[in-house]
Asker: 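I have a structure here, written as structure tokens, and I will follow up with some questions on it.
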Amino acid sequence: MLLVLDVGNTNITLGIFKDEALVASFRMTTKTPRTSDEYGLTICGLLNNRKVEVSDIEAVIIASVVPGIMHSLKNSIIKYLGLMPIEVGAGTKTGIKMVTANPKEIGADRVVDAVAAYDIYGGPLIVIDFGTATTYDLISEDGSFLAGITSPGIRICADALWNETAKLPEIEIKKPASILAKETISSMQAGLVYGYIGQTEYIVKKIIEESGIQGIKVIATGGLGKIIAEATDVIQIFDPNLTLQGLRLIYNKCKGK
């Protein structure tokens with residue numbers, strides 16, 4: 001079995017693959033400081049909960065955008081699973097050609113998403129990841145990473161709304177029945193969700209317009225992405241496990257499978 005870890009700014013998402021099948025997935029908070037022992041015991045506990053023995057895990061691969069936790073996390077894998085994890089980074093074999101000005105600046109999560117979307121759905125395509133930040137990445141028909149756009153994630157926008165105003169409450173982020181809100185909570189929900197739908201549609205439109213590429217597919221993933229994907233026609237596919245699948249594919253490429 002293969003254990004994959006996607007270390008984001010908000011959550012660490014873990015997946016277990018048996019061959020090509022994702023048999024289990026878990027989430028841990030990223031912002032809680034942990035020692036290698038705490039990571040190790042937590043990971044072992046999650047495996048045990050799904051009746052997966054530690055000895056069943058044959059390899060581990062990690063993509064991280066949070067360097068500060070990697071020492072403890074990698075040591076936990078070595079200590080508790082007895083394995084040296086592969087970390088996706090510069091020089092990792094991915095099959096995606098990075099043609100941006102500085103390829104090393106592209107986050108590992110974006111590379112992994114690009115690999116999965118291109119391998120599974122083919123290019124040209126736009127990959128949108130609705131995470132802590134929302135990223136829009138353009139991949140060509142031949143698998144070249146051409147451009148990337150980054151915007152504040154919907155939860156960051158929501159946090160700013162209720163943390164920077166005296167009277168607005170913390171709310172559930174969901175699409176209200178109508179944009180014509182008649183009270184505070186639905187008015188905030190309308191502004192956040194419909195505003196984000198508008199952002200998504202405009203950015204996708206401008207990418208297609210300025211690139212001049214025809215037949216672009218739009219694939220979305222990440223946290224609150226399902227809310228947006230269900231409310232707009234510009235997104236063709238929402239794949240909640242895109243990043244985990246990307247890590248599996250990169251592991252296979254590294255091992256020549």
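Note that the numbering runs from 1 along the sequence shown for the chain.
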Asker: Testing Asn11, Thr10, Asn9 for side chain to side chain donor-acceptor pair (under 3.5 Å) with Thr132, which one passes?
Answerer: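 The option that passes is Thr10.
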
Asker: Out of the candidates Val127, Val115, Ile213, Leu146, only one should pair with Ile139 under the side-chain contact (heavy atoms from CB on, under 4.5 Å) rule; please name it.
Answerer: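 For Ile139, the side-chain contact (heavy atoms from CB on, under 4.5 Å) check succeeds only for Val127.
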
Asker: Give a yes or no on this: more than 12 heavy atoms of other residues, nucleotides or ligands lie within 6.0 Å of atom CG of Leu83.
Answerer: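 More than 12 within 6.0 Å, yes.
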
Asker: Check Thr150 against Ala133 and note the closest heavy-atom contact, atom names and distance.
Answerer: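 Heavy-atom minimum between the residues: CG2-CB, 4.1 Å.
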
Asker: Please check if any side-chain donor atom of Thr134 sits under 3.5 Å from a side-chain acceptor atom of Tyr196, or the reverse.
Answerer: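 There is such a pair (donor and acceptor under 3.5 Å, judged by atom type) between the side chains of Thr134 and Tyr196.
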
Asker: If you take all heavy atoms of Phe145 and Arg110, which pair is closest and at what distance?
Answerer: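 Nearest heavy atoms, Phe145 then Arg110: CE1-O, 4.4 Å.
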
Asker: Would you check, one step at a time, whether the test side-chain contact (heavy atoms from CB on, under 4.5 Å) holds for Ile173 with Leu224?
Answerer: CA-CA 8 Å; Ile173 300 173; Leu224 295 165; 3.9 Å; yes

Asker: To check you understand the geometry: which heavy-atom pair defines the closest contact between Gln245 and Ala116, and what is its length?
Answerer: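 Smallest interatomic distance, heavy atoms only, reads C-CB, 4.3 Å.
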
Asker: Can you tell me how far apart CZ (Phe130) and OG1 (Thr200) are? Round to the nearest 0.5 Å.
Answerer: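 Output value for this atom pair is 4.0 Å.
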
Asker: Among all residues two or more places apart in sequence or in another chain, which pass the side-chain contact (heavy atoms from CB on, under 4.5 Å) test with Asn48?
Answerer: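 With sequence neighbours excluded, Asn48 shows a side-chain contact (heavy atoms from CB on, under 4.5 Å) to no residue whatsoever.
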
Asker: Out of curiosity, Thr221 OG1 to Lys226 NZ, how far, rounded to the nearest 0.5 Å?
Answerer: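 These two atoms lie 12.0 Å from each other.
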
Asker: Heavy atoms only: give me the nearest Tyr136-Ile128 pair and the separation to one decimal.
Answerer: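 Looking at all heavy atoms of both residues, the shortest contact is CD2-CG1, 3.7 Å.
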
Asker: For residues Leu249 and Ile16: do they belong to one hydrophobic cluster (side chain heavy atoms under 4.5 Å, members Ile, Leu, Val, Met, Phe, Trp, Tyr)?
Answerer: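 No, no single cluster joins them.
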
Asker: Is it true that the side chains of Thr35 and Asp37 contain a donor and an acceptor less than 3.5 Å apart?
Answerer: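 Per modelled atom types, Thr35 and Asp37 side chains form no pair under 3.5 Å.
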
Asker: Can you see which heavy atom on Ile86 is nearest to which on Lys255, and at what distance?
Answerer: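 Residues Ile86 and Lys255, closest heavy atoms: CD1-CE, 4.1 Å.
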
Asker: Mind checking side-chain contact (heavy atoms from CB on, under 4.5 Å) for Glu209 and listing every partner two or more places apart, or none if nothing turns up?
Answerer: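 Once residues adjacent in sequence are excluded, the partners of Glu209 under the side-chain contact (heavy atoms from CB on, under 4.5 Å) criterion are Lys205, Lys206.
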
Asker: Please assess Ile12 against Thr29 for the test side-chain contact (heavy atoms from CB on, under 4.5 Å), listing each intermediate value before the final yes or no.
Answerer: CA-CA 6 Å; Ile12 302 171; Thr29 56; over 6 Å; no

Asker: Are Tyr80 and Val54 side-chain neighbours, meaning at least one heavy-atom pair lies under 4.5 Å?
Answerer: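 The answer is no; the side chains never approach within 4.5 Å.
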
Asker: Which pairs count as side-chain hydrogen bond (donor to acceptor under 3.5 Å, both in side chains) when at least one residue sits in residues 112-121, sequence neighbours excluded?
Answerer: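 Every pair satisfying side-chain hydrogen bond (donor to acceptor under 3.5 Å, both in side chains) with a residue in residues 112-121: Asp113-Thr243, Asp119-Lys253, Tyr121-Asp239.
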
Asker: Dump the intermediate steps for side-chain contact (heavy atoms from CB on, under 4.5 Å) on Thr92 and Cys254, then the final yes or no.
Answerer: CA-CA 7 Å; Thr92 303; Cys254 289; 3.8 Å; yes

Asker: Using side-chain contact (heavy atoms from CB on, under 4.5 Å), reason through Ile126 and Ile219 one step at a time and then give a plain yes or no.
Answerer: CA-CA 6 Å; Ile126 296 168; Ile219 314 299; over 6 Å; no

Asker: Out of curiosity, Leu5 CG to Thr13 OG1, how far, rounded to the nearest 0.5 Å?
Answerer: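 So the CG of Leu5 and the OG1 of Thr13 are separated by 9.0 Å.
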
Asker: In the hydrophobic clustering that connects Ile, Leu, Val, Met, Phe, Trp and Tyr at side-chain heavy-atom distances below 4.5 Å, which members other than Phe238 occupy its cluster, ordered by chain and number?
Answerer: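 Besides Phe238, the hydrophobic cluster comprises nothing; the residue is isolated.
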
Asker: What pairs of donor and acceptor atoms, side-chain ones from residues 55-73 against any protein atom, are under 3.5 angstrom apart with sequence neighbours left out?
Answerer:
residue	atom	partner	partner atom	Å
Asp56	OD2	Glu53	N	3.1
Glu58	OE1	Met1	N	2.6
Ser64	OG	Val66	N	3.0
Ser64	OG	Val66	O	3.3
His71	NE2	Asn75	ND2	3.1

Asker: Could you tell me which non-hydrogen atom of Ile78 sits nearest to which non-hydrogen atom of Pro85, and how far apart they are?
Answerer: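 Where Ile78 meets Pro85 most closely, the heavy atoms are CG1-CD, 4.1 Å.
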
Asker: Measuring from atom OG1 of Thr184 to atom CD1 of Ile171, what distance do you get when rounded to the nearest 0.5 angstrom?
Answerer: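 Between atom OG1 of Thr184 and atom CD1 of Ile171 there are 10.0 Å.
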
Asker: Supply the atom-to-atom distance Glu141 CD to Gln214 CD, rounded to the nearest 0.5 angstrom.
Answerer: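 Between atom CD of Glu141 and atom CD of Gln214 there are 12.0 Å.
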
Asker: Using the test side chain to side chain donor-acceptor pair (under 3.5 Å), find all partners of Glu87 that sit at least two apart in sequence or belong to another chain.
Answerer: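 Glu87 satisfies side chain to side chain donor-acceptor pair (under 3.5 Å) with Lys74 only.
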
Asker: So, Gln189 and Ser186: side-chain donor and acceptor under 3.5 Å apart, yes or no?
Answerer: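 No.
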
Asker: When rounded to the nearest 0.5 angstrom, what is the spacing between CG in Asp233 and CD in Glu201?
Answerer: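 Taking CG in Asp233 and CD in Glu201, the distance rounds to 7.5 Å.
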
Asker: Atom CZ of residue position Arg34 - does it have more than 12 heavy atoms of other residues, nucleotides or ligands inside 6.0 Å?
Answerer: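 Yes - once you tally the heavy atoms of other residues, nucleotides and ligands closer than 6.0 Å, there are more than 12.
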
Asker: Side-chain donor-acceptor pair under 3.5 Å between Tyr194 and Gln199, yes or no?
Answerer: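 No pair is found: no donor N or O on one side chain lies under 3.5 Å from an acceptor on the other.
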
